[in-house]
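In what follows, every chain begins at residue 1, and chains take the letters A, B, ... in the order their sequences are listed.
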There are 2 protein chains.
Amino acid sequence: MSTAEETTAGDPQAWAEVTPDAARRLLIAAVEAFAERGYHATTTRDIAGRAGMSPAALYIHYKTKEELLHRISRIGHEKALDILRTAAGREGSAAERLADAVSSFVRWHAGGRTTARVVQYELDSLGPDARAEILALRRQVDAEVRGIVEDGVADGSFDVPDVKGTTLAILSLCIDVARWFSLDGPRTPDEVGALYADLVLRMVGSK
Amino acid sequence: MSTAEETTAGDPQAWAEVTPDAARRLLIAAVEAFAERGYHATTTRDIAGRAGMSPAALYIHYKTKEELLHRISRIGHEKALDILRTAAGREGSAAERLADAVSSFVRWHAGGRTTARVVQYELDSLGPDARAEILALRRQVDAEVRGIVEDGVADGSFDVPDVKGTTLAILSLCIDVARWFSLDGPRTPDEVGALYADLVLRMVGSK
DNA sequence: GGGGAGACTAAGCGCTCGCTCAGGTTCGGC
DNA sequence: GCCGAACCTGAGCGAGCGCTTAGTCTCCCC
């Protein structure tokens, strides 16, 4: 369990795959603006302004404002899925893997709260095609967690009457961190991750 | 534990305190529209249209679009707080009261998903004064749940290392139901309430 | 150093937004 | 039968929206 990598919108490394530089600056500006005010309340002028450009510059790199949200959402979901896959694929007991998955997933939602907010809460602002693509990624996220829970049930280390419902609750708990977490609050992302890993192990009756 | 009372936006009884009739119809229309598309993506024309009125009629009963959201949010929070207070004040062990609080709170978020969505997720669309008023109500919600958890810890029936953090997680879990629950899904509000009550009792190490 | 490609801006188009206002309709009190 | 109050509509204002276009600037290749 490494310490939480910073994946705030301000970290250019998290968006290294977005090129050229101007397109990345615009995308980072959009993440910040969407997280603060929501997609619909954000104007293209605001995004371009934060990136130090004129409004028209946005349309050289992105066809529409929605394409920006789509790109952000896809990259974010892929990152989230990657985090869970890494934890799920490690050596160790089901309890260890579940604790690792939850704590790193929570750290991502807390530390990268800006990004996570957009990724988790602006899904409905996408058009039907883009939303369908993202929902497919979310089903994969669900499958990773459910896999770990099923492993623990199969080897008798977990006691879970309702695997699907419990999986849903675990993910719901983690995702909602993006709604309430604040870097100004009393807890660090690491602390919330550790607390939540413990709570989730209790939920699955880990022994 | 009664069965979930219907508190969907369509239920006029839930908004009985809003008068006259036209003002209530507008408010119900606003709840539905805000829940479907979000506050900023909803137009005053849409709200008035759903209520069968012209756009101008809205401004006879409400000063601004934001006042509509404020009224909805305040009434909704008061209802949520009422539900928790009722459960917290009942006779019975801490475990019984916590299970009752969680299951009825979850039933409200699931069954009245339309209202709960607006109440829980459109808070940031309010201006500073209105938001401050609502946040005060939320602190009272938090205090009710924390009180039950503290009771259980005090009498030794709960094992909770971090009372504040666990209270936050419990509420977070319940609130997020409004994000993912669908009446078309495989679970009824009652079933989710029962599942969540069990999960929360596990989280607090109830014995 | 001439020329084309790519990146960017100033200006603004067409549209829809929240909200307003003058005027019409309905209805109880007298 | 008339009046004022309450309620509602049709028309539309000013502003700001997403997005486009014409043109400028900066490179790099030759």
Side-chain angles (χ1 to χ4, degrees), chain A residues 12 15-73 118 122 124-131, chain B residues 12 15 17-73 118 122-131:
Chain A
W15 305 103
E17 68 183 88
V18 181
T19 54
D21 182 68
R24 180 168 50 249
R25 269 160 48 221
L26 282 164
L27 188 131
I28 291 171
V31 171
E32 288 171 356
F34 291 162
E36 275 176 33
R37 313 144 108 89
Y39 175 78
H40 286 293
T42 299
T43 69
T44 53
R45 286 163 176 81
D46 182 24
I47 297 169
R50 285 174 193 246
M53 301 181 195
S54 78
L58 197 152
Y59 293 89
I60 294 163
H61 301 283
Y62 301 94
K63 271 215 312 272
T64 62
K65 177 179 149 186
E66 193 196 318
E67 190 192 322
L68 258 171
L69 177 60
H70 185 195
R71 292 271 285 265
I72 291 166
S73 196
V118 179
E122 297 293 345
D124 290 343
S125 302
L126 288 171
D129 293 352
R131 181 156 72 240
Chain B
W15 306 104
E17 69 183 88
V18 181
T19 55
D21 182 68
R24 180 169 51 247
R25 270 161 47 223
L26 283 164
L27 187 130
I28 291 171
V31 171
E32 289 171 356
F34 291 163
E36 275 177 32
R37 311 142 108 90
Y39 175 79
H40 287 293
T42 298
T43 68
T44 53
R45 284 161 178 81
D46 183 25
I47 296 169
R50 284 175 192 246
M53 300 180 194
S54 76
L58 197 151
Y59 293 90
I60 294 164
H61 300 284
Y62 301 96
K63 272 215 314 269
T64 61
K65 177 179 149 188
E66 191 196 318
E67 189 192 324
L68 259 171
L69 177 61
H70 184 195
R71 292 271 285 266
I72 292 166
S73 196
V118 179
E122 298 293 346
L123 187 62
D124 291 342
S125 302
L126 289 171
D129 293 352
R131 182 155 72 243

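Each of D/dC7, C/dC19, C/dC8 was ranked by its minimum atom distance to the side chain of B/I60; first place goes to D/dC7. Considering only side-chain atoms of B/S54, the nucleotide from C/dC19, D/dG10, C/dA10 that sits closest is D/dG10. Between D/dT9, C/dG18, D/dG18, one nucleotide has an atom nearer to the side chain of B/A57 than all others, and that is D/dT9.
When heavy atoms are screened at a 4.0 angstrom cut-off, A/T43 is found touching the sugar-phosphate backbone but no base atom.
A straight line from CZ of A/R37 to C1' of D/dG16 spans 13 Å, rounded to a whole angstrom. Atom CG in A/D46 sits roughly 14 Å away from atom P in D/dG16 (whole-Å rounding). As a whole-Å value, the separation of B/L68 CG from C/dC19 C1' is 13 Å. Note: CG (B/L58) to P (C/dC21) measures 16 Å, nearest angstrom.
The shortest distance between the side-chain N/O atoms of A/T44 and the OP1/OP2 oxygens of D/dC19 is not below 4.0 Å. OP1 or OP2 of C/dC8 sits under 4.0 Å from a side-chain N or O of A/H61. Checking the phosphate oxygens (OP1, OP2) of C/dC19, a side-chain nitrogen or oxygen of B/Y59 falls inside 4.0 Å.
For B/R45 against C/dG18, a side-chain-to-base donor-acceptor contact under 3.5 Å is present.
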